[in-house]
Colleague: 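Below is a structure I'd like to ask you about.
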Number of protein chains: 2
Amino acid sequence: MGSKEKKGRVLPCGRTLPPEAPPPNEEQMQAWHSSLRDYLTREGLKYTEQRWTIARLILETGGHLDAQDIVARVKAEHPGIGAATVYRNIKVLCDAKLLEDSHRSPDGRVLYELPDEHHHDHIVCTDCGEIFEFHDDEIEDLQVKIAQNFGFKLEGHRHLIQGRCNYLKKKSG
Amino acid sequence: MGSKEKKGRVLPCGRTLPPEAPPPNEEQMQAWHSSLRDYLTREGLKYTEQRWTIARLILETGGHLDAQDIVARVKAEHPGIGAATVYRNIKVLCDAKLLEDSHRSPDGRVLYELPDEHHHDHIVCTDCGEIFEFHDDEIEDLQVKIAQNFGFKLEGHRHLIQGRCNYLKKKSG
DNA sequence: ATGAATGCAAAGGTTTTGCACCCCC
DNA sequence: GGGGGTGCAAAACCTTTGCATTCAT
């Protein structure tokens, strides 16, 4: 045993994830920590234990969480931290660019994700809820043209593709 | 005066809408009315004054409303109709295909719109909130390819472009 | 007359706010 | 020591649900 441990996590639907994105390492955490401290200093806000605890718990997960996921996660590990504090800090972390309002789940909840150097959109499995990221330059270009055709100055977009990731499995099953 | 009345509505941001989609005419209303009655009969549900009042108020607007917009509109004209009745009927109207869960506003609310024969996505002005519809076959095709690349069976998508419709006006002003 | 629909109010669930106390700078 | 931060509870908000009554068929 032990020779195939690099295969990545198996989803509820049976699909095996490629081992693409390892959890953030210690160095990355340090960088985020400094980044947060800098932001707080710059804005005249204060560093608190709770603030970093909340940030860390979110950053460790890799993102794609909604507010309630975050509250639950914090409560589980630190029952002493109140929900109001979590909500207040989600806002601060977004302002600090350590977190961003990413997209909506199909049922309308706001999902947060970690800041990323490249823009991407999302494809979500309606079976297992797993979210993957995609990027397509052609679509990006087409969006610019569409905005131009409407006389709009493009400011952003939200693009979510929905489908089922276990299609192949079901076909053969 | 009177020679230019076909120019369409002027938005809060100054943009003049092309007179593309006139409000539904009496004939269209009649068709929807029959369609609703048929649906209700088919499902063993009942036709009520309130039911049609709510439907009519929504259908008259052309859509792109959220639940609260609808409640407000109904309350304004018919204070006797309770909010619960409105919510219950939004569901019925969706089931009857006279209304559909269209997309999310940038802040996450569910927007409803009238059923349309062609699929389309939306482009929204962050200044005035006006929503236009667009369709792009190339983007549609690219989405299929993306889903395939992920091993997904495509089920749907939500695509919202955000921008400012008064860009041209601001540039010259 | 029978069961669905309504209106009201109460309950549910999530997020925000008020306030006394605490603690970082 | 002062102003932001926290925790708790209450409030605010939107939507759903329970129930007695009304109404369509």
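Since this is a predicted model, take the numbers as computed values, not measurements. As a basis for the values below, the full set of heavy atoms in this structure was taken, side chains included, without hydrogen atoms, waters or symmetry mates. The chains referred to below are lettered A, B, ... by the order of the sequence lines, with proteins before strands, and numbering in each begins at 1.
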Colleague: Between atom CD1 of B/Ile146 and atom CG of B/Leu154, what is the distance when rounded to the nearest 0.5 Å?
Modeller: 9.5 Å
Colleague: Give the C-alpha distance, both sets of side-chain angles, the deciding distance and a yes or no for side chain to side chain donor-acceptor pair (under 3.5 Å) between B/His159 and B/Gln143.
Modeller: CA-CA 11 Å; B/His159 193 178; B/Gln143 288 178 139; 4.6 Å; no
Colleague: Contacts to DNA chain D from residues 66-79 of chain A, heavy-atom cutoff under 4.0 Å, which residues?
Modeller: none
Colleague: Please verify the inter-ring angle class for A/His103 with A/His122; under 30° counts as parallel, over 60° as perpendicular, anything in between as tilted.
Modeller: parallel
Colleague: Same cluster or not: are A/Val74 and A/Leu36 linked, directly or through other Ile, Leu, Val, Met, Phe, Trp or Tyr residues, by side-chain heavy atoms under 4.5 angstrom apart?
Modeller: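 Looking at the clustering, A/Leu36 is in the same group as A/Val74.
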Colleague: 5'-most contact on DNA chain D: B/Arg37 or A/Asn89, nearest heavy atom basis?
Modeller: A/Asn89
Colleague: Please evaluate residues B/Phe132 and B/His120 with respect to the criterion side-chain contact (heavy atoms from CB on, under 4.5 Å), reporting the C-alpha separation (whole Å), side-chain torsions for both, the decisive distance (0.1 Å), and the verdict.
Modeller: CA-CA 10 Å; B/Phe132 299 92; B/His120 60 256; over 6 Å; no
Colleague: Between C1' on D/dC23 and CD1 on B/Ile81, what's the gap in Å once rounded to a whole number?
Modeller: 15 Å
Colleague: Quick one, A/Leu99 with A/Ile58, criterion side-chain contact (heavy atoms from CB on, under 4.5 Å). Give me CA distance, side-chain angles, the key distance, then yes/no.
Modeller: CA-CA 9 Å; A/Leu99 193 62; A/Ile58 297 171; 3.5 Å; yes
Colleague: How far apart are the C-alpha atoms of A/Glu60 and A/Arg56, what are their side-chain angles, what is the distance that settles it, and do they pass the salt bridge (charged side-chain N to carboxylate O under 4.0 Å, His left out) test?
Modeller: CA-CA 6 Å; A/Glu60 277 171 356; A/Arg56 190 170 38 74; 3.6 Å; yes
Colleague: How far does CG of A/Asp69 sit from OG1 of A/Thr61, to the nearest 0.5 angstrom?
Modeller: 9.0 Å
Colleague: Take A/Arg158 and A/Asp101, measure what salt bridge (charged side-chain N to carboxylate O under 4.0 Å, His left out) needs, and give me the verdict at the end.
Modeller: CA-CA 11 Å; A/Arg158 295 187 184 286; A/Asp101 172 337; 3.7 Å; yes
Colleague: So, OP1 or OP2 of C/dA5: does either fall under 4.0 Å of a side-chain N or O from B/Thr85?
Modeller: no
Colleague: Within the modelled atom types, does a donor on one side and an acceptor on the other bring the side chain of A/Arg88 and the base of D/dG7 under 3.5 Å apart?
Modeller: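 When only heavy-atom distances are counted, A/Arg88 does reach the base of D/dG7 through a donor-acceptor pair under 3.5 Å.
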Colleague: If I take atom CG in residue A/Leu40 and atom P in nucleotide C/dC23, what distance separates them, rounded to the nearest angstrom?
Modeller: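 The answer, rounded to whole Å, is 18 Å.
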Colleague: Pull out every residue in residues 43-52 of chain A that has a heavy atom closer than 4.0 Å to any atom of DNA chain C, ordered by number, or say none.
Modeller: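 Contacting residues: A/Lys46, A/Tyr47.
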Colleague: Set out, in order, the CA-CA distance, both residues' side-chain angles and the distance that settles side-chain contact (heavy atoms from CB on, under 4.5 Å) for B/Tyr112 and B/Glu100, then state yes or no.
Modeller: CA-CA 5 Å; B/Tyr112 296 95; B/Glu100 72 184 35; over 6 Å; no
Colleague: Could you state the interatomic distance from CG (B/Leu111) to CG (B/Asp66), rounded to the nearest 0.5 Å?
Modeller: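 Separation between the atoms: 6.0 Å.
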Colleague: What residues from residues 90-98 of chain A pass a heavy-atom cutoff of under 4.0 Å to DNA chain D?
Modeller: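 Residues of residues 90-98 of chain A that come under 4.0 Å of DNA chain D do not exist, since none gets that close.
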